[in-house]
Amino acid sequence: MHDTGTVTQPAPAPDQAERRTEQPTEQHAEPGSRHARRFGLPIATCLVMGNIIGGGIFLLPASVAPFGTISLVAFGVLTAGAIALALVFGRLAQRDPRTGGPYVYARAAFGDFAGFLAAWSYWATAWVSNAALAVAAVGYLDVLIPVGDHKWTACLAALVLQLLPALANFAGTRYVGAVQVVATVLKFLPLILVAVGGLFFFDSANLGPFQASGDSPAGAISASAAILLFSYLGVESAAVSAGEVRDPRRNVGRATILGTLGAALVYLLGTVAVFGTVAHDKLVGSTAPFSDAVNVMFGGSWGGTAVALAAVVSILGALNGWTLLSAQTPYAAARDGLFPAAFGKKKRGVPTVGVLVTVVLASLLTVYNYTAGSSGVFESLVLITTFTATVPYLLATAAQIYFLVSGQGERVNRARLVRDGILAGVAFGFSMWLVAGSGYAAVYQGILFLFAGVLVYAWMAARKERTATH
């Protein structure tokens, strides 16, 4: 049974020596609360898998089909990078198993400002992404229930899709975990059906050319990787919620690895199955590749309905997990005086103010999307999140390198030190690749957004200093 409550708060401005030994632990209150429950390994794994896999997988095969089957090589490269990142998060969580993930690691290594940047960028990523997920879900929902004919009907549907996961969060971590398990199982059933069933209908003639784009092999891999890069965002999910995970030093790392491997397996098998069942020339122009695969396998035209239902469930699961994560990082920062204090309070294991603010901001952005008449600004905000999502990755992997090089990691033999160092280097390179893949416009606008956060940091840091001196 999980109890909510407070975190042992570090000193207001720890110096480097204090950070070297500081190992606060998560404390819990509300003993006996039946609405709050700490996540075991299965739920933590579902959180990682559910947050990595949203609705994008249902379009991925068609998105990379123009490059040919060489895109599967890009999948392999990206999977290796994502696993390295997952291993680094596991090691960092073992060292410091507090709620907040990248924020906690960046602050421990580089101080308040780096920690704030990690928290600020991750929080913005979460609520903007929630709005984008809800809008995307409406497109799938329209296949099941006609909601897209009028913009206000579509807007209302998007708002309801955001509200349902929020209500699960307000009910407590016990219900968040239950929803995540159910959504993960329901989303994977059709995906596994296509992945496994597709093997029986696999025809190599459908694969098309190995290299279809006319680019060099390296160019084709890079181009397809740019589309696939963000398929693995979410590997940090268990680390961000470490304070809610039972035995986090052990289970966060395991859940991160298992969740990443599970998501990678679904991605790869599903893409291969679709490649082998849908003819290449048809797949390139497909708007519903999994539906086309189901129709080939079983005949008829019911595949679109089945895949649309699976997509809606998948996105609801992702919204459920991301709503929790959107509140966890501000919660950790608020406990350290770097976010408003209201973000640092929990009920039923959930930072309810953080959830509420996230839902309000995402809802306002959703309404704007349907009323502005132009999706340009909305799309730009979503594009920015592809950059801001990677900022915490860079800071966290840099923190791991800092801990290893400065001797602040665990006392390990040389072989272990070398292995951890290589993993951290690969994870840092993978994070840089994510930044590069987001494009010049996203990096430019994302940096401006980060700099806007500097003013917020200045305000919060000044208040923290004033409180400490009075």
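Computed from a predicted structure; not experimentally measured.
- Here L423 contributes atom CG and I83 contributes atom CD1; the two are 10.5 Å apart, rounded to the nearest 0.5 Å.
- For the residue pair E236/Y393, the side-chain donor-acceptor check at 3.5 Å is satisfied.
- The side-chain heavy atoms of D96 and L92, taken from C-beta on, include no pair separated by under 4.5 Å.
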**Message:** I'd like to know whether I315 forms a side-chain contact (heavy atoms from CB on, under 4.5 Å) with L161, so could you lay out the CA-CA distance, the side-chain angles of the two residues, the decisive distance to 0.1 Å, and finally the verdict.
**Reply:** CA-CA 9 Å; I315 293 176; L161 288 169; over 6 Å; no
**Request:** Give the intermediate values and the outcome of side-chain contact (heavy atoms from CB on, under 4.5 Å) for residues W152 and L156.
**Result:** CA-CA 6 Å; W152 288 115; L156 180 61; over 6 Å; no
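- Summarising the geometry, atom CD belonging to Q400 is positioned 11.0 Å from atom CG belonging to L85; distances are rounded to the nearest 0.5 Å.
- The shortest heavy-atom contact between P66 and A62 is CD-O, 3.3 Å.
- Atom-to-atom distance recorded for L404:CG and D420:CG is 5.5 Å, nearest 0.5 angstrom.
- Contacts classified as side-chain hydrogen bond (donor to acceptor under 3.5 Å, both in side chains) and involving residues 422-433 (residues at least two apart or in different chains) are not found.
- Between atom CH2 of residue W127 and atom OG1 of residue T366 there is a gap of 10.0 Å, rounded to the nearest 0.5 Å.
- Evaluation of the ring-ring contact (aromatic ring centres under 6.0 Å, His included) rule for F449 yields W120 as partners, not counting sequence neighbours.
- Between F67 and V73 the shortest side-chain heavy-atom distance does not fall below 4.5 Å.
- For the atom pair OG1 of T79 and CZ of F75, the computed distance is 7.0 Å after rounding to the nearest 0.5 Å.
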**Message:** I'd like to know whether L159 forms a side-chain contact (heavy atoms from CB on, under 4.5 Å) with V367, so could you lay out the CA-CA distance, the side-chain angles of the two residues, the decisive distance to 0.1 Å, and finally the verdict.
**Reply:** CA-CA 8 Å; L159 294 176; V367 172; 4.2 Å; yes
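- For the atom pair W322 CH2 and T358 OG1, the distance stands at 11.5 Å (nearest 0.5 Å).
- Between V357 and L361, the closest side-chain pair of non-hydrogen atoms falls below 4.5 Å.
- For the pair D112 and D336, the minimum side-chain heavy-atom distance is 4.5 Å or more.
- Taking both residues in full, the closest heavy atoms of T397 and A427 are given as CG2-CB, 3.6 Å, listed atom of the first, atom of the second, then distance.
- Side-chain atoms of T260 do not come within 3.5 Å of backbone N or O of I257 as any donor-acceptor pair.
- Here the closest non-hydrogen pair linking I52 and G259 is CD1-O, 4.4 Å.
- Looking at S314, its side chain never comes within 3.5 Å of a backbone N or O of A310 through a donor-acceptor pair.
- The two atoms that bring M49 and A263 nearest to each other are CE-N, 4.0 Å, heavy atoms only.
- What you find for G344 and Y331 is that their closest heavy atoms are O-CE1, 3.4 Å.
- Nearest heavy atom pair, residue A255 against residue L41, reads N-CD1, 3.6 Å.
- Between Y103 and Y122, the distance separating the two ring centers is not shorter than 6.0 angstrom.
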**Asked** Could you walk me through whether N320 and L324 pass the side-chain contact (heavy atoms from CB on, under 4.5 Å) check?
**Response** CA-CA 7 Å; N320 181 63; L324 176 64; over 6 Å; no
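- Considering only heavy atoms from C-beta on, V252 stays 4.5 Å or farther from F89 through its side chain.
- Between I447 and F387, the closest side-chain pair of non-hydrogen atoms falls below 4.5 Å.
- The aromatic rings of F113 and Y457 lie perpendicular to each other, with more than 60° between the two planes, well past the 30° mark.
- For S129 (side chain) and A126 (main-chain N/O), no donor-acceptor pair under 3.5 Å exists by modelled atom type.
- Listed by chain and number, the residues in a side-chain hydrogen bond (donor to acceptor under 3.5 Å, both in side chains) with T329 amount to none (sequence neighbours excluded).
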